[in-house]
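Presented below is the structure to which this report refers.
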Amino acid sequence: MADLKDKTLFISGASRGIGLAIAVRAAADGANVAIAAKTDTPHPKLPGTIHTAAEQIEAAGGKALPIVCDIRDEDQVEAAVKKTADQFGGIDICVNNASAISLTGTEETPMKRYDLMNQINARGTYLVSQKCIPYLKESQKKGNNPHVLMLSPPLDMKPKWFGPHVAYSIAKYGMSLCVLGMAEEFAEDGIAFNALWPRTGIATAAINLIGGDEMMAHCRKPEIMADAAHIILTKNSRDFTGRFCMDDVLLHEHGVNDFDQYAVDPSKELWPDFFVPDDVPPPPGSMGNRTD
């Protein structure tokens with residue numbers, strides 16, 4: 001499967017950032033993309049709405065369906081998934097991108113924040129996947145290579161990933177556990193379930209809000225995740241499933257050697273992301289003279 005032409009993607013949280021980058025990359029192939037997110041009107045601090053995302057998708061060559069959807073609400077998710085299938089004749093790919101973050105310790109994490117992270121990350125991923133699966137089974141019957149992709153980390157169960165922010169880690173690893181379980185559960189149905197995670201920080205509006213231009217300069221662009229996701233989503237769904245992929249490793253395995261193209265500022269030291277296993281080193285030369 002060389003491209004995603006005429007495939008239909010349902011992407012949660014795709015109004016900006018990595019989700020939008022994945023959507024635009026798919027649109028360049030001529031894909032149909034449903035943007036399921038909450039931002040219907042401009043956010044006071046974050047750029048982008050489901051409508052501006054739809055404009056970018058269509059400008060890239062795809063067809064867009066903006067849907068206001070809170071993935072914590074089962075009825076809203078079910079309706080959004082059905083609307084997508086009705087509009088485009090089915091669903092071939094589900095991307096669980098929506099996520100909430102709070103890097104706080106146990107005593108500093110209000111239960112309201114704990115609940116938000118787990119409702120969006122772990123429960124939301126489970127819910128969106130569950131509602132898409134009947135359509136993905138039909139996609140496989142049509143020979144359309146169905147995939148589910150989680151933007152979640154490898155299951156590296158080291159205390160250092162839990163101690164500083166156990167609530168957030170539980171929520172993110174919950175997404176990864178969906179990969180582990182669902183890949184096994186739906187293997188005979190030919191639906192692939194995989195995870196993708198960045199080695200470094202990714203320059204998104206949320207990162208800019210936290211650390212401004214200085215933090216952004218030490219990140220890679222969202223396009224590295226979009227290109228890596230494209231590789232996964234064009235793999236044979238019966239053969240490539242249950243994988244926990246690192247963006248630069250996957251790209252290197254597929255012939256990419258120039259990683260400076262993804263750096264916001266190639267002269268800056270790259271700041272590593274959370275949850276990157278020690279036993280998954282970066283590709284040779286991919287970090288240049290910067291830290292690994």
Side-chain angles (χ1 to χ4, degrees), residues 1-5 7 9 11-33 35 37 46-50 52-62 64 93 95-99 147 149-153 194-211 213 215-235 245-274 276 282-283 285-288 290 292:
M1 310 293 292
D3 60 44
L4 298 175
K5 182 175 174 57
K7 296 296 177 61
L9 291 77
I11 308 180
S12 67
S15 58
R16 61 179 69 90
I18 293 171
L20 177 57
I22 292 172
V24 169
R25 177 64 185 87
D29 286 352
N32 310 313
V33 184
I35 310 114
L46 298 172
T49 68
I50 57 172
T52 59
E55 291 171 0
Q56 291 183 55
I57 289 164
E58 293 184 348
I93 293 167
V95 179
N96 288 292
N97 167 74
S99 190
H147 278 262
L149 180 64
M150 318 320 189
L151 277 297
S152 66
N194 295 292
L196 177 63
W197 194 246
R199 181 175 301 279
T200 71
I202 300 296
T204 62
I207 290 291
N208 189 48
L209 189 63
I210 294 169
D213 291 341
M215 184 175 287
M216 293 277 278
H218 294 274
C219 294
R220 283 172 169 162
K221 303 171 186 175
E223 283 72 22
I224 190 170
M225 291 290 282
D227 288 347
H230 188 271
I231 290 172
I232 295 170
L233 299 175
T234 53
K235 291 280 190 181
C245 303
M246 193 67 59
D247 57 357
D248 55 2
V249 173
L250 184 67
L251 287 163
H252 181 69
E253 290 172 350
H254 289 78
V256 176
N257 294 304
D258 175 17
F259 287 91
D260 278 354
Q261 65 177 306
Y262 296 117
V264 172
D265 184 343
S267 71
K268 296 288 187 179
E269 175 186 16
L270 287 167
W271 289 351
D273 203 350
F274 306 105
V276 177
S286 65
M287 305 293 278
R290 299 174 296 276
D292 59 11

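Computation of the quantities below employed the complete heavy-atom set of this structure, encompassing side-chain atoms and omitting hydrogens, waters and symmetry-equivalent molecules.
In this structure, CD1 in I57 is found 9.0 Å from CG in L9, a value given to the nearest 0.5 Å. Taken from CG in D258 to OG in S286, the straight-line distance is 11.0 Å, to the nearest 0.5 Å. Considering CG of D273 and CZ of R220, their distance stands at 11.0 Å, rounded to 0.5 Å. Here L233 contributes atom CG and I93 contributes atom CD1; the two are 4.5 Å apart, rounded to the nearest 0.5 Å.
H218 is linked by a ring pair (Phe, Tyr, Trp, His ring centres under 6.0 Å) to W271, counting only residues two or more places apart in sequence or in another chain.
Looking at D248 and P283, their side chains come closer than 4.5 Å, going by heavy atoms from C-beta outward. A heavy-atom distance below 4.5 Å is found between the side chains of P282 and R199. In this structure the side chain of M216 never reaches within 4.5 angstrom of the side chain of T204, judged on heavy atoms. Contact annotation: the side chain of N257 never approaches that of L251 to less than 4.5 Å [non-hydrogen atoms, C-beta and beyond]. Considering only heavy atoms from C-beta on, D247 comes within 4.5 Å of I224 through its side chain. A heavy-atom distance below 4.5 Å is not found between the side chains of E223 and Q261. Side-chain contact between L196 and L149 is present, with heavy atoms from C-beta onward closer than 4.5 Å.
With hydrogens and angles ignored, the 3.5 Å screen pairs a side-chain donor or acceptor of W197 with a backbone N or O of F274. No donor-acceptor pair under 3.5 Å is formed between the side chain of Q56 and the backbone N or O of A53. When atom types are taken as modelled, the side chain of T234 and the backbone of H230 share a donor-acceptor pair closer than 3.5 angstrom. Side-chain N or O atoms of S152 include none that pairs as donor or acceptor with a backbone N or O of A195 at under 3.5 Å. Looking at H252, its side chain never comes within 3.5 Å of a backbone N or O of F259 through a donor-acceptor pair. At distances below 3.5 Å, not a single donor-acceptor pair connects side-chain atoms of N97 with backbone N or O atoms of M150.
Remark: the Y262 side chain and the D227 side chain contain an N/O donor-acceptor pair separated by less than 3.5 Å.
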Could you go through the side chain to side chain contact (heavy atoms under 4.5 Å, CB included) check for I11 and I35 one step at a time?
-> CA-CA 6 Å; I11 308 180; I35 310 114; over 6 Å; no
Evaluate side chain to side chain contact (heavy atoms under 4.5 Å, CB included) for V264 paired with K221, printing each intermediate quantity in order.
-> CA-CA 6 Å; V264 172; K221 303 171 186 175; 4.2 Å; yes
Given the rule in the side chain to side chain contact (heavy atoms under 4.5 Å, CB included) test, do V95 and L151 qualify, once you have shown the distances and angles that lead to the verdict?
-> CA-CA 8 Å; V95 179; L151 277 297; 3.7 Å; yes
So I202 and M225, side chain to side chain contact (heavy atoms under 4.5 Å, CB included) or not? Walk me through it.
-> CA-CA 9 Å; I202 300 296; M225 291 290 282; 4.1 Å; yes
Salt bridge (Lys or Arg N to Asp or Glu O under 4.0 Å) between K5 and D29: does it pass, once the steps are laid out?
-> CA-CA 5 Å; K5 182 175 174 57; D29 286 352; over 6 Å; no
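Scanning both residues, S12 and A98, for their nearest heavy atoms gives OG-N, 3.0 Å. Closest non-hydrogen pair, G13 versus A37, comes out as CA-CB, 4.0 Å. The minimum heavy-atom distance linking T49 with T52 is given by the pair N-OG1, 2.8 Å. Minimum heavy-atom separation, A203 to C219: N-CB, 3.6 Å. Listed here is the closest heavy atom pair of V276 and P198: CG2-O, 3.9 Å. Residues P222 and A21 approach most closely at CB-CB, 3.7 Å, considering heavy atoms.
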